Amino acid sequence: FTNQKDLFDAYWKTKRTAITAARSTFGELWPHAMRHLASSMSERQELSVPKGVMDEFPPEFLDCLSSEGVLTGDGRRYGFGHESFFDYCFARSQPNGGRDFARFLETDEQRLFRRAQLRQVLAFLRDDDLASYLESVRHLLCSKNIRPHLKLLSVDLVASQPEPCDDELVLLMPWIESEIASRRSGALNPDALASRILDKFLSSRTLFPVADRMGILHRWLHSGEPLLENIVCSYFRWQAVLHADRIAELLEPFAGKGGDWKNRLRYIMEGDNLENGRRYFNLFLRLLEDGTLDDARDRFASNGTFWLMLHGLAIKRPAWCAELAARWLDRRVSIAAALPNQEHSARSLLDDEFGNDELFTSAKGNAPVFLEYVLPSILSASKIFIYKDSCDEFPRDRLWLMRFQSEHLTQTEAYLGACETAIGIIGRQSPELLRPFIALLRVHKLYTANQLLMGAYFSAPAIFSNEALRLLVDEPERLHCGY
């Protein structure tokens with residue numbers, strides 16, 4: 001069921017069929033009994049009525065309704081078995097299909113009791129007569145005789161529709177534009193409802209496709225007006241949970257634009273939405289590579305970092321996390337390589353230890369893909385930071401100069417450790433999958449590469465022992481590696 005009305009439509013039909021099966025005449029009494037009980041409860045604004053209110057109906061009929069759970073009673077009073085079913089029956093029994101209910105409310109005290117009734121009446125109208133529904137909502141919002149809590153309920157109903165139509169957003173746009181105009185001028189909007197309607201629109205994830213379809217989002221994005229651009233960027237960060245790829249498509253033209261857009265894009269990408277769409281993830285990688293995200297971090301914690309911002313990605317998308325880990329390493333290496341003091345910068349730029357668990361989780365979640373992405377980046381980084389004046393056959397590098405066994409890993413050590421974890425998993429489960437990685441490691445005459453190569457051989461000695469022995473005989477200098 002897509003909504004409560006559909007559920008109660010089915011409930012009405014099922015229970016009426018059951019009552020009719022008990023006695024054919026009961027089926028004829030059903031509509032009148034439901035209407036009579038609902039209208040009596042509404043008049044009293046109570047959730048149950050005295051037993052005498054139902055005296056016109058046979059006791060055996062009322063007993064049958066109770067046994068089916070439609071009615072509930074304590075011997076003195078009757079009510080509906082489900083409170084929401086009362087609101088449904090009330091809406092279903094409204095004269096003129098509920099089209100006059102908004103005007104009835106203008107003469108009513110409009111207590112909280114009317115909220116659920118209004119919700120059901122509008123749900124009925126929307127299903128049966130969209131034009132009348134829209135007119136009722138417009139009347140509720142415009143009338144000075146309707147209390148704010150019912151106006152806001154009407155807006156909530158529109159904003160929470162699973163599949164709202166364009167006309168529903170068109171109906172709200174005058175208030176949305178009024179609030180934007182007030183914010184533009186810096187003045188307080190005299191219509192407090194406008195501010196609430198804009199907030200409801202911005203928080204509604206189902207109205208996003210409507211606003212997109214109507215061209216509102218494109219118009220705001222390309223308005224050249226900072227106010228609208230900032231509003232839509234905050235909106236995108238919230239909406240990316242369900243609409244990540246479409247948001248990426250809309251934002252792609254602004255990548256590399258610079259100016260305020262660099263901060264806006266960074267702000268959007270700092271939201272926890274990476275796993276929600278591949279195109280969105282690709283845009284994140286693009287912004288990471290061009291430097292837009294160099295200062296991105298988790299803003300909720302005082303010690304927030306880039307990797308803290310990505311917490312949980314390795315569990316949800318281990319392969320994507322591996323790809324991101326490789327791109328992040330590449331970016332940090334490129335920054336460090338451009339600095340004058342490489343001895344210090346090489347390791348200091350890889351100091352985000354909040355990423356350690358993500359690296360190991362990703363390696364365990366999809367070991368082959370982890371190596372496919374991360375291993376080439378490690379080898380590239382090692383090559384960039386080798387000691388060029390070294391005479392060793394397998395020169396060391398500034399990133400992984402020395403390795404120490406410890407419970408508290410640096411992130412540089414975590415990168416190698418996660419690779420070794422992935423190698424070990426593949427060696428135990430599918431050792432033949434290691435062959436392309438072994439081939440890659442063999443051609444890189446680096447101390448770090450040789451360490452990983454020896455680990456790969458040791459992960460499946462029954463498969464690789466002969467190859468390893470031949471290699472060590474031919475190149476005995478490879479024995480000089482390890483902790």
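These figures come from a predicted structure and were not determined experimentally. Count residues from 1 along the sequence.
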Minimal non-hydrogen separation, [X] against [Y], with atom names:
| X | Y | answer |
| --- | --- | --- |
| Leu285 | Glu323 | CD1-OE2, 3.4 Å |
| Leu433 | Pro368 | CD1-CG, 4.4 Å |
| Ala319 | Asn366 | CB-ND2, 4.1 Å |
| Thr206 | Gln161 | OG1-O, 2.9 Å |
| Phe464 | Pro431 | CZ-O, 3.3 Å |
| Leu171 | Val137 | CD2-CG1, 3.8 Å |

If you apply the rule salt bridge (charged side-chain N to carboxylate O under 4.0 Å, His left out), what do you find for Asp295 with Arg266, and how did you get there? CA-CA 8 Å; Asp295 297 323; Arg266 187 199 67 214; 5.1 Å; no
Which distance, rounded to the nearest 0.5 Å, do you find between the [atom1] of [X] and the [atom2] of [Y]?
| X | Y | atom1 | atom2 | value |
| --- | --- | --- | --- | --- |
| Tyr267 | Asn263 | OH | CG | 12.5 Å |
| Tyr415 | Asn356 | OH | CG | 9.5 Å |
| Leu293 | Leu283 | CG | CG | 8.5 Å |
| Leu140 | Arg147 | CG | CZ | 14.0 Å |
| Gln451 | Glu420 | CD | CD | 7.0 Å |

Residue pairs passing the side chain to side chain donor-acceptor pair (under 3.5 Å) test where at least one lies in residues 233-242, sequence neighbours excluded: none
Taking it one step at a time, do Arg126 and Glu168 satisfy salt bridge (charged side-chain N to carboxylate O under 4.0 Å, His left out)? CA-CA 10 Å; Arg126 188 178 189 276; Glu168 287 174 291; 2.8 Å; yes
Non-hydrogen side-chain atoms of [X] and [Y] separated by less than 4.5 Å:
| X | Y | answer |
| --- | --- | --- |
| Leu118 | Leu157 | no |
| Ile146 | Leu141 | no |
| Tyr457 | Ser465 | no |
| Phe201 | Leu172 | no |
| Val158 | Lys200 | no |
| Leu371 | Cys419 | yes |
| Leu242 | Asn276 | no |
| Asn450 | Leu441 | no |

Carefully, step by step, assess Arg297 and Glu270 under the rule salt bridge (charged side-chain N to carboxylate O under 4.0 Å, His left out). CA-CA 7 Å; Arg297 62 179 179 86; Glu270 284 176 341; over 6 Å; no
For Arg442, salt bridge (charged side-chain N to carboxylate O under 4.0 Å, His left out) partners two or more places apart: Glu467
Evaluate the ring planes of Phe284 and Phe281, with Trp represented by its six-membered ring, and classify them as parallel (under 30°), tilted (30 to 60°) or perpendicular (over 60°). parallel
Side-chain donor/acceptor pairs under 3.5 Å, residues 374-381, sequence neighbours excluded:
residue : atom : partner : partner atom : Å
Ser377  : OG   : Ala326  : O            : 3.4
Ser377  : OG   : Asp330  : OD1          : 3.0
Ser377  : OG   : Asp330  : OD2          : 3.4

Identify all side-chain donor-acceptor contacts of residues 306-317 below 3.5 Å with residues at least two apart in sequence or on another chain.
residue : atom : partner : partner atom : Å
Lys316  : NZ   : Glu275  : OE2          : 3.3
Arg317  : NE   : Glu275  : O            : 3.1
Arg317  : NH2  : Glu275  : O            : 3.0

Flag yes if more than 12 heavy atoms outside [X] fall under 6.0 Å of its [atom1] atom; otherwise flag no.
| X | atom1 | value |
| --- | --- | --- |
| Glu432 | CD | yes |
| Arg196 | CZ | no |
| His149 | NE2 | yes |
| Lys15 | NZ | yes |
| Lys445 | NZ | yes |
| Asp290 | CG | yes |

Can you see whether Arg470 engages Asn466 through a side-chain donor-acceptor pair at a distance of less than 3.5 angstrom? no
Is the closest side-chain donor-acceptor distance between Asp397 and Thr448 under 3.5 Å? yes
Side chain of Ser334, backbone of Arg331: donor and acceptor closer than 3.5 Å?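 Yes, the answer is positive, given that a donor and an acceptor are paired below the 3.5 Å cut-off.
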Just by distance, do the side chain of Thr14 and the backbone of Ala10 share a donor-acceptor pair under 3.5 Å? yes
Using the side chain to side chain donor-acceptor pair (under 3.5 Å) criterion, which residues pair with Glu179? Sequence neighbours excluded.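 Applying side chain to side chain donor-acceptor pair (under 3.5 Å) to Glu179 gives Arg183, Asn189.
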The criterion is side chain to side chain donor-acceptor pair (under 3.5 Å); which residues satisfy it with Ser459, sequence neighbours excluded?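 Expected list: none.
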Hey, could you give me each pair passing ring-ring contact (aromatic ring centres under 6.0 Å, His included) that has a residue in residues 359-380? Not counting sequence neighbours. none
Using ring pair (Phe, Tyr, Trp, His ring centres under 6.0 Å) as the criterion, list what pairs up with [X], not counting sequence neighbours.
| X | answer |
| --- | --- |
| Trp175 | none |
| Phe254 | His222, Trp261 |
| Phe236 | none |
| His243 | Phe208 |

Salt bridge flag under 4.0 Å for residues [X] and [Y]:
| X | Y | value |
| --- | --- | --- |
| Arg246 | Glu252 | no |
| Arg184 | Glu225 | yes |
| Lys5 | Asp127 | yes |
| Glu289 | Arg286 | no |

Geometric cation-pi criterion Arg398 and Tyr387, 6.0 Å radius, 45° cone: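 Geometry flag: set, cation within 6.0 Å and 45°.
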Walk me through whether Asp166 and Arg213 qualify under salt bridge (charged side-chain N to carboxylate O under 4.0 Å, His left out). CA-CA 8 Å; Asp166 292 9; Arg213 187 166 60 240; 2.6 Å; yes
Between side-chain atoms of residues 82-91 and protein atoms elsewhere (two or more places apart, or another chain), which donor-acceptor pairs fall under 3.5 Å?
residue : atom : partner : partner atom : Å
Tyr88   : OH   : Asp9    : OD1          : 2.5
Tyr88   : OH   : Arg92   : NH1          : 2.6

